[in-house]
Participant: 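Dumping the structure here so I can ask a few things about it.
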Amino acid sequence: MKISCIIVEDLQVAANYLMKCCEKSGQVESKGHFVNVPDALYFLNENTVDLIFLDVEMPGASGFELLDQIAFSPKVILTTSKKDYAYNAFQYNVSDYLMKPFTYQRFLESLQKIKPSQETISTRSGSDHIYIKADGKLVRLNNDSILYIESMGDYVKFVTTDNKKYITHNTIKNLEEKVSKHHFLKVHRSFIVNLHKIDDMRENILYIKGNEIPVSKANKADVFKRLNIV
Amino acid sequence: MNPDVTNKSFIFNEKIDVQCINDLYGNDYIYLEEVFGTVLGEYGTLVENIFQQYASHNIPGLKAAVHKIKPIFGFVGLLSMQHQCQQFEDNCQPSSPFDMLVNNYNALRHNLIASKLLIEEEKRKLELFNSQ
């Protein structure tokens, strides 16, 4: 199956070259090319893709602002002509970045970087538990025992039904792909919740065993879709 | 992009890095002609933005405008221009007096105009080459 992607790039020659690389690889299918963040966001509100080729510096909003606003977590490959995005790239869990112009060979290497983790997602996401590294050991957490996961910068906090808190080095973006889609949903840039543990919801706040979890505007529609509202 | 298309008789302007062109496109001169055409299509707007930002003494805007055009030169093998853009960007510090940029800007402006003529000429040569 081909990897679906969009290209967000305001330089036409770069976008065309990227499309040609996608076509030539036979591995990637471009679903669209957008020259600015609002147009890409409009598309992504209605569609999902596996991968975004993303320019950073565009007129108006930057590429990172797009990542802040989308409700799901596709793989991201930055296409840039600046080397100093390493910190942001790490924060946003970017898979790779391509310095323009890049060779076709370099493009293929970049695709290789996103493939292994895609396979990992499919095999892990159906599991009834996860293991996390905490307190110098691997701790097994059953899905049913997790209330929610909260971002703490480069770390995340797992809060469990027995009121324990486990802090581990990871990101919400990475975890979103690894936890069971049946149990968990990202409701905010900083929160993944166990859908089976929600007590109630008022305005943009979810209540889970006395904990208040904010729901972002971008994720609200997904939350409503997943709640069993009758 | 298509290494099967072979014709080694095309002679590029000496300012164009042939190795860079080969790395990006192989011997696909049809596509290369398209690339030069696309670059020319957006060149005017990008250069005009640089001129406007300079005229309004907007250093961050000028830096962003030069940054935006920079990769274009890589796509057509004008690596010295790409390098000059990078150097100019590095000099565009908001804290620096605007006057410090004048000499570098004039040199950049001159080369931006000359590069357009060069790209146009190469495009014409490629058209002719591909039509033979």
Side-chain angles (χ1 to χ4, degrees), chain A residues 7-28 30 33-37 39 53-65 77-86 88-89 96-111, chain B residues 1-5 16-17 19-28 30-47 49 52-53 60-79 81-86 88-90 92 119 123:
Chain A
I7 295 164
V8 187
E9 168 68 70
D10 65 330
L11 212 53
Q12 191 62 49
V13 67
N16 289 356
Y17 182 77
L18 201 41
M19 279 188 268
K20 200 157 173 87
C21 286
C22 290
E23 248 177 65
K24 189 180 176 185
S25 75
Q27 301 173 50
V28 188
S30 172
H33 163 222
F34 304 95
V35 296
N36 57 48
V37 167
D39 287 353
F53 289 103
L54 183 64
D55 186 15
V56 178
E57 295 205 357
M58 286 175 287
S62 83
F64 290 119
E65 287 173 72
I77 296 175
L78 296 184
T79 57
T80 176
S81 48
K82 211 175 200 172
K83 290 175 184 166
D84 48 1
Y85 290 120
N88 279 337
D96 197 8
Y97 66 88
L98 293 168
M99 290 284 290
K100 289 179 284 194
F102 45 85
T103 62
Y104 177 64
Q105 190 55 39
R106 180 68 187 83
F107 171 83
L108 290 179
E109 287 168 17
S110 204
L111 286 188
Chain B
M1 296 290 286
N2 182 359
D4 298 332
V5 181
I16 290 179
D17 187 303
Q19 184 62 49
C20 167
I21 294 290
N22 284 335
D23 288 346
L24 292 174
Y25 314 110
N27 292 321
D28 190 347
I30 303 284
Y31 181 57
L32 189 55
E33 180 189 332
E34 189 184 315
V35 168
F36 274 68
T38 309
V39 164
L40 285 171
E42 51 192 347
Y43 197 91
T45 308
L46 292 165
V47 169
N49 189 26
Q52 281 176 6
Q53 298 298 338
L62 181 59
K63 183 177 182 174
V66 173
H67 174 76
K68 187 46 75 181
I69 202 172
K70 182 176 60 180
I72 266 195
F73 296 113
F75 281 102
V76 293
L78 286 171
L79 301 188
M81 274 306 291
Q82 202 178 11
H83 183 65
Q84 188 179 8
C85 288
Q86 181 62 59
F88 189 82
E89 254 189 86
D90 294 342
C92 283
I119 296 166
K123 167 85 167 47

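Naming: A, B, ... by sequence-line order, numbering from 1 per chain. Quick caveat: nothing in here was measured; it's all calculated off a predicted structure.
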Participant: Nearest 0.5 angstrom please: B:Leu24 CG to A:Tyr104 OH, how far?
Facilitator: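 One gets 14.0 Å once the value is rounded to the nearest 0.5 Å.
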
Participant: Applying a criterion of heavy atom separation less than 4.5 Å, what residues of residues 72-79 of chain B form contacts with chain A?
Facilitator: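 Hits under 4.5 Å: B:Ile72, B:Gly74, B:Phe75.
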
Participant: Report the distance from atom OG1 of B:Thr45 to atom CD of A:Gln12, rounding to the nearest 0.5 Å.
Facilitator: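 Reported to 0.5 Å precision, the distance equals 11.5 Å.
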
Participant: What part of A:Asp10 gets closer than 4.5 Å to chain B, counting heavy atoms only: side chain, backbone, both or neither?
Facilitator: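 Interface part for A:Asp10: both.
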
Participant: For chain B, which of A:Gln105, A:Arg106, A:Lys100, A:Glu57 has the most heavy-atom pairs under 4.5 Å?
Facilitator: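 Looking at each of A:Gln105, A:Arg106, A:Lys100, A:Glu57 in turn, A:Glu57 comes out on top.
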
Participant: Output the residues of residues 60-70 of chain B for which the shortest heavy-atom distance to chain A is under 4.5 Å, in residue-number order; output 'none' if no such residue exists.
Facilitator: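 Listed by number, the contacting residues are B:His67, B:Lys68, B:Lys70.
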
Participant: Checking A:Glu65 now: which residues fulfil salt bridge (Lys or Arg N to Asp or Glu O under 4.0 Å) with it, not counting sequence neighbours?
Facilitator: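 Residues passing salt bridge (Lys or Arg N to Asp or Glu O under 4.0 Å) with A:Glu65: none at all.
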
Participant: Only counting residues at least two apart or in another chain, list the ones meeting side chain to side chain contact (heavy atoms under 4.5 Å, CB included) with A:Val37.
Facilitator: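 For A:Val37 the side chain to side chain contact (heavy atoms under 4.5 Å, CB included) partners, ignoring immediate neighbours, are A:Met58, A:Ala61, A:Leu66.
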
